[in-house]
Asks: 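A single structure is presented below for examination.
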Amino acid sequence: AQTRLHGAPPAGAGRQLQLVETSLIAPGMKLAVVRFHDREILLGLSRQGVVRLGEAPAPATESA
C-alpha cells in the first residue's frame, strides 16, 4: 500500500524523489521503499533513526 509522508507533496512528473511503498513491521518500526534517480532504496525507519537496507535499479516505467 502506498502512503504519503507527513507534509510531502503528491508524486508528480519530474520529481527526483518518490515514496513507493511503506510497511509497518512492528510498533515504531517501518520499512519504506523510495525511488531516487532511477534506483529503489529500501529504508528501515524506527524512533532511533533511518538505515539504508538495500537498493536496486528501479523498474522501467511506460511513457504515455
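Every heavy atom of this structure was used, including side-chain atoms; hydrogens, water molecules and symmetry mates were not. For this chain, numbers begin at 1 and follow the sequence in order.
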Asks: Determine, using the 4.5 Å side-chain heavy-atom cutoff (strictly less than), whether Met29 and Leu31 are members of one ILVMFWY cluster.
Replies: yes
Asks: Check for me, please, whether Leu42 and Leu24 land in the same ILVMFWY cluster - side-chain distances under 4.5 Å, paths through other members count.
Replies: no
Asks: If I compare all heavy atoms of Leu19 with all of Ala32, which pair ends up nearest, and what's the gap?
Replies: CD1-CB, 4.3 Å
Asks: Quick one: are Glu55 and Glu40 in side-chain contact, heavy atoms under 4.5 Å?
Replies: no
Asks: Any side-chain heavy atom of Arg39 within less than 4.5 Å of one from Pro57?
Replies: yes
Asks: Specify the closest pair of heavy atoms between Arg35 and Ala58, including all atoms of both residues, with the distance to one decimal.
Replies: NE-CB, 3.6 Å
Asks: Report the C-alpha distance between Lys30 and Ile25 in whole Å, list the side-chain angles of each, state the deciding distance to 0.1 Å, and finish with yes or no for side chain to side chain contact (heavy atoms under 4.5 Å, CB included).
Replies: CA-CA 5 Å; Lys30 288 184 183 180; Ile25 57 173; 5.9 Å; no
Asks: Hey, are the side chains of Leu43 and Val34 touching, using non-hydrogen atoms and a 4.5 Å cut-off?
Replies: yes
Asks: Got a second to check how far Ser23's OG is from Leu45's CG, nearest 0.5 Å?
Replies: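 Here the interatomic distance stands at 11.0 Å.
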